[in-house]
Amino acid sequence: MRDDNEYDIIINGGGPVGVGLAIELAQRGHSIAVIERYPEPQPVPKGQNLTQRTMESIRRWGCEDALRAARTIPAGKGIGGLTCYGTLLSDYHYDWLQRELVRPYYATDNERLPQYATERVLRARAAELPGIRTFHGWAGESFAQDDDGVSVTMREHRGDAVAELRGRFLVGSDGSNSMVREVAGITETRRDHDKKMVLLVFRSTELHALLERYPGKAFYNVLHPDLKGYWMFFGRVDLGSTWFFHAPVPLDTTKDNFDFAGYLHRAVGAEFAVEFEYVGFWDLRIAVANDYRKGRAFIAGDAAHSHPPYGGYGINTGFEDARNLGWKLAAALEGWAGPGLIDSYDAERRPVFESTARDFIENFIEEDRDFLDTYHPERDRAAFEAAWAARAEGAPEVNSFEPNYRGSPIVPGSDTGRPSAQGGHSFEARAGHHLAPQPLSDGRAMFDAMGPGFTLLALDADEDDVRAFEDAAAATGVTLTVLRDSAADGRAAYGARLILVRPDEFVAWAGDSATDANAIIRTAIGH
Ligand SMILES: Cc1cc2nc3c(=O)[nH]c(=O)nc-3n(C[C@H](O)[C@H](O)[C@H](O)COP(=O)(O)OP(=O)(O)OC[C@H]3O[C@@H](n4cnc5c(N)ncnc54)[C@H](O)[C@@H]3O)c2cc1C
């Protein structure tokens with residue numbers, strides 16, 4: 001029986017990433033304390049675009065239906081993106097971030113809703129799980145660790161009460177000013193872009209009327225030559241009245257010395273009535289922690305990496321941190337983790353973020369800057385229109401953003417390469433990559449049929465090989481679910497009869513015969 005103040009895991013910061021991680025671990029039977037400063041999610045409509053991959057995790061966490069019910073744009077009204085040149089209403093525009101192109105590689109649809117609405121759904125799901133105790137209105141202040149665990153001191157956010165919690169591990173999902181990162185002494189690498197950004201939340205039914213010309217769109221990116229590749233970004237918060245906008249402003253801008261309505265009108269290319277609900281600022285920078293772990297303390301989400309919301313990578317990257325770290329911490333608590341398993345969290349997730357920042361976010365800014373410097377419709381309309389049409393052609397970033405763990409120390413047989421956000425979607429089962437799920441022949445959705453541990457997909461496979469994996473799992477304490485099926489239908493595209501899938505739905509190994517099942521499983525759990 002545990003003492004009331006003793007938990008398997010303490011999570012400091014109950015934003016989306018912290019609560020997602022708590023659910024992941026509590027569903028595996030572990031006891032979790034979540035310390036969160038605010039009783040209610042903060043009402044800033046950020047973190048809206050949830051990828052198909054994130055929605056797989058939300059489904060795994062048992063709250064897909066609730067999350068879809070919480071959307072603020074009615075189903076069927078469209079949540080697509082648009083890129084425009086000069087102004088929002090210009091004649092030059094094309095579809096942007098067409099996530100529907102990669103839908104076949106995932107188990108479920110993408111979604112869009114304000115982050116506070118997502119957080120409410122996650123909090124409600126966490127409240128259903130007996131393993132989670134949430135300390136709302138408390139802030140983690142410091143911690144100390146020893147050989148057996150971590151002691152966290154927390155203080156009432158609006159009071160003086162102080163209490164101490166004890167856990168075997170601590171995770172800081174406490175945002176970009178993370179206490180856990182600071183106290184652990186984990187340094188960051190920062191790239192400042194020396195840009196001040198404004199975030200406006202405003203109401204305007206007239207803007208809604210102006211944008212009826214773009215049906216099915218919910219977020220809009222305006223490229224303007226004056227802004228050197230930095231975006232003026234509009235997003236719908238609901239369908240009809242509420243919007244957010246972020247864009248660069250002069251460094252000395254305050255709430256009182258700048259004409260925000262005029263800025264909006266210039267960005268749109270028309271005047272319209274506007275009523276502000278919120279004016280805030282943020283500095284545009286990329287920051288990544290130099291380590292995601294210090295002893296028994298880990299960091300995840302914005303605590304580990306922060307960047308401008310260009311392309312919707314923030315919350316989605318944070319949720320993937322939670323999926324990656326969750327099963328590894330569970331393995332450590334349950335005694336089946338090899339000595340390298342929890343270190344593989346840093347080895348896999350940190351290079352993926354570095355690649356996301358370099359190859360996607362900063363690359364967007366540079367490519368847009370080069371384009372805007374090179375082409376101008378008034379200088380050479382024909383050249384501009386040809387280059388604009390080429391940009392509109394495809395959405396290469398949607399296909400090539402495919403975070404993968406090739407070369408990870410726990411991916412057997414993929415010792416070349418390095419974990420990266422750059423990849424390419426494929427139905428083939430490739431070690432280190434997300435598995436593209438296919439329906440099973442009995443009609444079940446593949447990911448729904450998978451167990452909490454590893455899963456072996458045995459597609460017309462030799463029973464001796466299956467037994468070899470079962471024996472290897474039993475010998476190492478790994479929970480293994482075997483899904484036997486034919487290699488017909490879409491499953492033939494996997495190109496392998498045996499596919500070992502990790503608890504986070506990434507392929508650990510794929511092949512036709514188990515030459516050394518023991519070594520494969522041992523490597524996959526960090527031996
Ligand atoms: C304008 C804007 C738009 C964005 N749009 C997108 C988008 O479309 N898609 C996307 O993927 N991302 C987007 N992002 C980024 C996204 O919002 C973040 O990546 C996301 O919030 C990270 O979640 P988190 O849980 O790691 O951190 P946070 O959301 O920052 O949560 C941290 C939590 O920890 C709590 N906390 C902090 N310190 C303590 C303490 N000492 N003790 C207790 N609690 C503490 C805080 O109260 C908070 O609840 C956007 C960001 C902005 C600013």
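Counting starts at 1 for both ligands and their atoms, in listed order. All values below were derived from every heavy atom in this structure, side-chain atoms included, with hydrogens, water molecules and symmetry-related copies excluded. Since we're looking at a predicted model, the values are computed, not measured.
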Can a donor-acceptor pair be found, under 3.5 Å and without considering hydrogens, that links the side chain of [X] to the backbone of [Y]?
{"X": "N404", "Y": "E402", "result": "yes"}
{"X": "Y214", "Y": "L88", "result": "yes"}
{"X": "N363", "Y": "R358", "result": "no"}
{"X": "R181", "Y": "A289", "result": "no"}
{"X": "R266", "Y": "G269", "result": "no"}
{"X": "Q52", "Y": "R99", "result": "yes"}
{"X": "W243", "Y": "S204", "result": "yes"}
{"X": "Q48", "Y": "P45", "result": "yes"}
{"X": "D174", "Y": "M179", "result": "yes"}
{"X": "N316", "Y": "N49", "result": "yes"}

Report yes if some N/O of [X] lies less than 3.5 Å from some N/O of ligand 1; otherwise report no.
{"X": "Q48", "value": "yes"}
{"X": "N316", "value": "yes"}
{"X": "E119", "value": "no"}
{"X": "G18", "value": "no"}
{"X": "W282", "value": "no"}
{"X": "A300", "value": "no"}
{"X": "A139", "value": "no"}
{"X": "N49", "value": "yes"}
{"X": "S176", "value": "no"}

Tell me whether ligand 1 is touched by G140 - counting only heavy atoms on the residue side and a distance under 4.0 Å.
yes

Would F244 count as a contact of ligand 1 if the rule is a heavy atom under 4.0 Å away?
no

With heavy-atom distances below 4.0 Å as the criterion, list the atoms of ligand 1 near [X].
{"X": "D174", "result": "32 (C), 34 (O), 37 (C), 38 (N), 39 (C)"}
{"X": "Y38", "result": "47 (O)"}
{"X": "I35", "result": "43 (C), 44 (N)"}
{"X": "G13", "result": "34 (O), 35 (C), 44 (N)"}
{"X": "S173", "result": "32 (C), 33 (C), 34 (O)"}
{"X": "H246", "result": "1 (C)"}
{"X": "W138", "result": "43 (C)"}
{"X": "G15", "result": "25 (O), 31 (O), 33 (C), 49 (O)"}

Residue among F281, F233, Y278 satisfying side-chain contact (heavy atoms from CB on, under 4.5 Å) with L199:
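Testing L199 for a side-chain contact (heavy atoms from CB on, under 4.5 Å) against F281, F233, Y278 leaves exactly one candidate, Y278.
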
Considering only non-hydrogen protein atoms, determine which one is nearest to [atom] and report residue, atom name and distance to 0.1 Å.
{"atom": "atom 44 (N) of ligand 1", "value": "R37 N, 3.3 Å"}
{"atom": "atom 47 (O) of ligand 1", "value": "E36 OE2, 2.7 Å"}
{"atom": "atom 53 (C) of ligand 1", "value": "K46 CD, 3.9 Å"}
{"atom": "atom 17 (O) of ligand 1", "value": "Q115 OE1, 2.7 Å"}
{"atom": "atom 24 (P) of ligand 1", "value": "V17 CG2, 3.7 Å"}
{"atom": "atom 9 (N) of ligand 1", "value": "G312 CA, 3.2 Å"}
{"atom": "atom 30 (O) of ligand 1", "value": "G175 CA, 3.6 Å"}

Lys NZ or Arg CZ of R112 over F219 ring: under 6.0 Å, within 45°:
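R112 over F219 ring: no.
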
Which is closest to [atom] by heavy-atom distance: [options]?
{"atom": "atom 12 (N) of ligand 1", "options": "T317, I315, D321, D302", "answer": "I315"}
{"atom": "atom 23 (O) of ligand 1", "options": "G318, G301, P16", "answer": "P16"}
{"atom": "atom 14 (N) of ligand 1", "options": "G172, S306, G47, G314", "answer": "G47"}

Using a 4.0 Å heavy-atom cut-off, which part of M154 comes near ligand 1: side chain, backbone, both, or neither?
neither

N12, portion touching ligand 1 at heavy-atom distance under 4.0 Å
side chain

Testing R59, R103, E64 one by one against T108 for a side-chain hydrogen bond (donor to acceptor under 3.5 Å, both in side chains), which residue passes?
E64

Polar contact flag, side-chain donor to acceptor under 3.5 angstrom, H208-R236:
yes

Taking the side chain as C-beta and beyond, is there a heavy-atom pair between D283 and K195 under 4.5 Å?
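Answer no - side chains too far apart.
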
So does D194 have more than 12 non-hydrogen atoms from other groups sitting under 6.0 Å from CG?
no

Sequence neighbours excluded, which residues qualify as side chain to side chain contact (heavy atoms under 4.5 Å, CB included) partners of S344?
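For S344, the residues satisfying side chain to side chain contact (heavy atoms under 4.5 Å, CB included) (neighbours in sequence not counted) are K328, L341, I410.
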
Under the criterion ring-ring contact (aromatic ring centres under 6.0 Å, His included), I'd like the reasoning laid out for F506 against Y405: C-alpha separation, chi angles, the key distance, then a yes or no.
CA-CA 9 Å; F506 278 69; Y405 308 136; 4.7 Å; yes

